[in-house]
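What follows is one structure encoded as structure tokens, with my remarks underneath.
These numbers were taken from a predicted model, which means no experiment stands behind them. The analysis underlying the following values was restricted to heavy atoms, covering all of them including side chains, and did not include hydrogens, waters or symmetry mates.
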Amino acid sequence: MNIRAQVSSVFHLDKCIGCHTCSIACKNLWTDRKGAEYMWWNNVETKPGTGYPTKWEDQEQYQGGWERSGNDLKLRSGGRGGVLGKIFHNPKLPTMDDYYEPFTFQYGDLTSAPAGNDQPTARPISMVSGQPMKIEAGPNWDDDLSGSNVYAANDPGVVKLSAEEQAQMFAIEKLVMFHLPRICNHCLNPSCVAACPSGALYKRGEDGIVLLDQTRCRAWRACVSACPYKKTYYNWQTGKSEKCILCFPRLETGQAPACFHSCVGRIRYLGVLLYDASRIEAVACLPDDQIVEGQRSLILDPFDPEVIAAARDNGLHDSTIQAAQESPVYKFVKVWKIALPPHLEFRTLPMLFYVPPLLPVISSRDSGHVENLSTDLFNDIDQARMPIAYLARLLGAGNEGLLRYALRKQLAVRIYRRALTVGDIDTDQAARMLAEVDSNVDQAESIYKLTSLATFDDRFVIPPAHREEAIEMMQDPLEAKQEAGFGFRVAPRRGL
């Protein structure tokens with residue numbers, strides 16, 4: 001076994017309220033510079049919807065991620081050598097229109113306008129050209145427009161549904177939406193790293209965070225094409241690519257990333273997973289219906305003595321192993337199995353997992369009477385407002401069984417807590433529901449506490465960075481004291 005540590009995260013979609021506080025925290029900290037106006041390292045999308053950039057899930061259009069070629073994998077965007085043929089024209093790159101043209105307003109017109117009978121207005125101007133413009137898109141232009149025949153109807157996941165399922169979702173009484181926060185997944189098998197001709201992208205050995213060395217970046221933009229989640233961006237001002245760095249300078253000082261720290265709904269969890277790096281390629285080559293369980297099998301039990309011994313032999317510190325044992329991500333993904341990775345069919349093995357939203361239809365109102373739609377509470381899973389097939393394509397690589405299991409366990413815990421607090425459900429029935437999803441009262445209490453009553457320290461288990469053991473500590477501290485652990489000592493210039 002080649003055991004390594006990976007800082008991973010879980011987003012609980014049942015708790016996200018779509019407030020975009022996380023996006024603003026990231027924007028103010030990292031992407032408020034010239035050339036980065038259109039970048040949202042953290043963005044929150046409304047699903048169903050086309051997303052940001054538009055239709056990023058459609059790899060027939062963008063050719064991102066990996067695909068199986070016999071028993072091997074190959075980049076859909078082509079290898080490093082093929083980049084030369086696309087250096088002047090790459091039709092698979094997202095355009096400015098696929099993102100949006102960043103804009104601001106001429107607020108000075110509100111105070112400098114001469115006296116008159118008309119109310120002064122602040123006209124929108126482009127942050128790229130500085131010229132007046134008409135706003136036509138934004139980072140979440142379809143925010144809360146569930147059921148729209150412009151956005152939701154063009155969602156790549158919706159298009160693949162049957163006509164009956166689409167009709168069900170767009171029926172007025174069943175309109176539904178949920179919010180999907182997205183950051184870089186810091187994948188185990190990152191296609192952006194594999195595609196970069198200059199070797200600027202790399203995965204940190206100590207925690208698995210995928211970073212981009214801008215001093216080596218040559219603006220090939222192969223990383224933008226190769227990332228199927230479109231979480232690598234090109235800065236048109238500096239001529240360099242940029243991406244989410246999981247706020248690693250904060251992690252190294254024991255702080256949660258800015259988007260995690262600021263989350264109003266407390267939907268975010270961060271922790272360490274131990275995994276077997278020697279099996280990455282074999283798992284990534286599995287068929288779609290096996291790949292979710294295959295990725296789970298990569299994640300190792302941090303309490304297993306053999307795993308602990310192999311981890312120590314591979315240089316992992318005891319504090320990292322202890323953090324893995326306390327990791328909330330391990331519980332959600334491996335123990336409870338209610339968190340699933342997004343679009344695992346892209347075969348990058350993302351290390352950001354989502355707890356799927358329940359979205360149940362519990363009752364209906366008819367002529368002033370409220371009626372329960374189902375006598376069997378588990379039937380509500382298949383009668384949910386969001387078709388199971390849609391959620392399974394988004395979070396389970398199309399495996400509906402795994403998604404149903406996650407939703408049923410969540411519902412069983414919810415019913416169990418209702419039996420305790422409200423008392424309108426028999427506790428024996430609630431216990432039987434827990435047993436049907438391989439759970440029990442102790443596990444239900446643990447899930448309830450971590451999702452509802454968790455403290456800051458429960459949600460974010462950050463291992464010590466041990467920078468005293470890193471190569472940077474060999475530098476002269478007086479020469480390197482102005483470094484912040486990222487970026488440049490001097491400003492970047494185009495072509496360098």
Side-chain angles (χ1 to χ4, degrees), residues 9-27 31 38-59 61-62 64-65 94-102 135-161 169-170 175-185 224 227-233 243-244 259-260 262-265 267-268 339-346 348 350 352-357 359 385-387 390-396:
S9 51
V10 166
F11 291 178
H12 200 310
L13 298 184
D14 239 5
K15 300 167 66 178
C16 181
I17 61 176
C19 64
H20 300 272
T21 306
C22 51
S23 299
I24 298 303
C26 178
K27 190 70 177 173
T31 57
Y38 81 101
M39 299 181 194
W40 294 83
W41 292 358
N42 180 109
N43 73 292
V44 182
E45 300 174 1
T46 298
K47 303 298 287 183
T50 52
Y52 161 83
T54 302
K55 299 177 74 172
W56 61 269
E57 297 167 277
D58 185 1
Q59 301 314 317
Q61 174 180 342
Y62 290 120
T95 66
M96 180 72 79
D97 290 338
D98 291 321
Y99 294 103
Y100 72 103
E101 185 171 356
I135 302 174
E136 296 181 343
N140 193 9
W141 201 242
D142 46 345
D143 196 3
D144 298 348
L145 291 179
S146 171
S148 164
N149 59 4
V150 176
Y151 301 105
N154 290 299
D155 183 324
V158 172
V159 172
K160 294 180 181 179
L161 295 176
M169 189 160 64
F170 288 114
L175 282 183
V176 65
M177 58 85 181
F178 64 94
H179 298 289
L180 181 72
R182 295 203 303 121
I183 62 173
C184 172
N185 299 309
V224 181
C227 176
Y229 305 95
K230 293 295 172 277
K231 278 299 173 182
T232 306
Y233 304 89
K243 65 178 294 295
C244 161
C259 60
F260 287 70
S262 64
C263 179
V264 173
I267 77 162
R268 299 177 182 233
L340 298 166
H343 286 297
L344 199 51
E345 69 274 13
F346 298 160
T348 61
L352 164 61
F353 303 86
Y354 293 93
V355 177
L359 304 173
R385 290 170 285 174
M386 185 64 66
Y390 176 85
L391 283 176
R393 285 193 179 97
L394 177 65
L395 298 178

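- Counted by atom type alone, Trp40 and Tyr233 present zero donor-acceptor pairs between their side chains at under 3.5 Å.
- Contact annotation: the side chain of Cys244 never approaches that of Asn42 to less than 4.5 Å [non-hydrogen atoms, C-beta and beyond].
- Judged by the 6.0 Å distance and 45° axis criteria, Arg182 is positioned over the aromatic ring of Trp56.
- Here the straight-line distance linking atom CG of Leu395 with atom CG of Leu340 works out to 6.0 Å at 0.5 Å rounding.
- A 4.5 Å side-chain heavy-atom check between Pro228 and Thr348 finds at least one atom pair inside the cut-off.
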Next on the checklist: Could you walk me through whether Arg268 and Ile183 satisfy the side chain to side chain contact (heavy atoms under 4.5 Å, CB included) test, starting with their C-alpha distance in whole Å, then the side-chain angles of each, then the deciding distance to 0.1 Å, before giving a yes or no?
Outcome noted: CA-CA 12 Å; Arg268 299 177 182 233; Ile183 62 173; 4.2 Å; yes
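- A donor-acceptor pair under 3.5 Å is absent between the side-chain atoms of Tyr151 and the main chain of Gly51, judged by distance alone.
- Counting heavy atoms from C-beta outward, Leu161 and Arg393 have side chains that approach closer than 4.5 Å.
- To the nearest 0.5 angstrom, Asp14 atom CG is 14.5 Å from Tyr354 atom OH.
- Considering Lys47, Lys160, Lys230 as possible partners of Glu57, the one that fulfils the salt bridge (charged side-chain N to carboxylate O under 4.0 Å, His left out) test is Lys47.
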Next on the checklist: Would Phe11 and Phe260 count as a ring pair (Phe, Tyr, Trp, His ring centres under 6.0 Å) here? Give the steps.
Outcome noted: CA-CA 10 Å; Phe11 291 178; Phe260 287 70; 5.7 Å; yes
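- Put simply, the side chain of Ser23 does not reach to within 4.5 Å of the side chain of Cys259, judged on heavy atoms.
- When side chains are defined from C-beta on, Cys263 does not count as touching Thr21, because their heavy atoms never get closer than 4.5 Å.
- Evaluation of the salt bridge (Lys or Arg N to Asp or Glu O under 4.0 Å) rule for Asp98 yields no partner, not counting sequence neighbours.
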Checklist entry - Could you walk me through whether Asn43 and Lys231 pass the side chain to side chain contact (heavy atoms under 4.5 Å, CB included) check? => result CA-CA 10 Å; Asn43 73 292; Lys231 278 299 173 182; 2.5 Å; yes
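- Of all non-hydrogen atoms in Thr54 and Asp97, the two that sit nearest each other are OG1-O, 4.4 Å.
- The shortest non-hydrogen separation linking Cys22 to Val44 is SG-CG2, 3.6 Å.
- Of the possible donor and acceptor atoms, one in the side chain of Asp155 sits under 3.5 Å from a partner among the backbone N and O of Gly49.
- In this structure, Lys243 forms no cation-pi arrangement with Trp41, as its terminal cationic atom is not both closer than 6.0 Å to the ring centre and no more than 45° off the ring axis.
- Contact of the Thr46 side chain with the Asn140 side chain is registered, since non-hydrogen atoms from C-beta on lie closer than 4.5 Å.
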Checklist entry - Going through the distances and angles, do Leu391 and Phe178 end up as a side chain to side chain contact (heavy atoms under 4.5 Å, CB included)? => result CA-CA 11 Å; Leu391 283 176; Phe178 64 94; 3.8 Å; yes
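- Every residue was checked against the ring pair (Phe, Tyr, Trp, His ring centres under 6.0 Å) condition with His179, not counting sequence neighbours, and none meets it.
- A donor-acceptor pair is defined here as one N or O able to donate and one able to accept, closer than 3.5 Å; no such pair exists between the side chain of Tyr62 and the backbone of Tyr229.
- Considering only heavy atoms from C-beta on, Phe353 stays 4.5 Å or farther from Pro342 through its side chain.
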Item to check | Candidate pair Tyr38 and Tyr100, rule ring pair (Phe, Tyr, Trp, His ring centres under 6.0 Å), full reasoning | outcome: CA-CA 7 Å; Tyr38 81 101; Tyr100 72 103; 7.5 Å; no
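- Val10 has its side chain within reach of Val355: a pair of non-hydrogen atoms, C-beta onward, lies under 4.5 Å apart.
- Residues His20 and Asp143 share a closest heavy-atom pair of NE2-OD2, 3.1 Å.
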Next on the checklist: side chain to side chain contact (heavy atoms under 4.5 Å, CB included), that's the test. Do Leu180 and Leu13 meet it? Break it down for me.
Outcome noted: CA-CA 7 Å; Leu180 181 72; Leu13 298 184; 4.0 Å; yes
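- Panel note: side chain Lys27, backbone Met39; a donor-acceptor pair is recorded below 3.5 Å.
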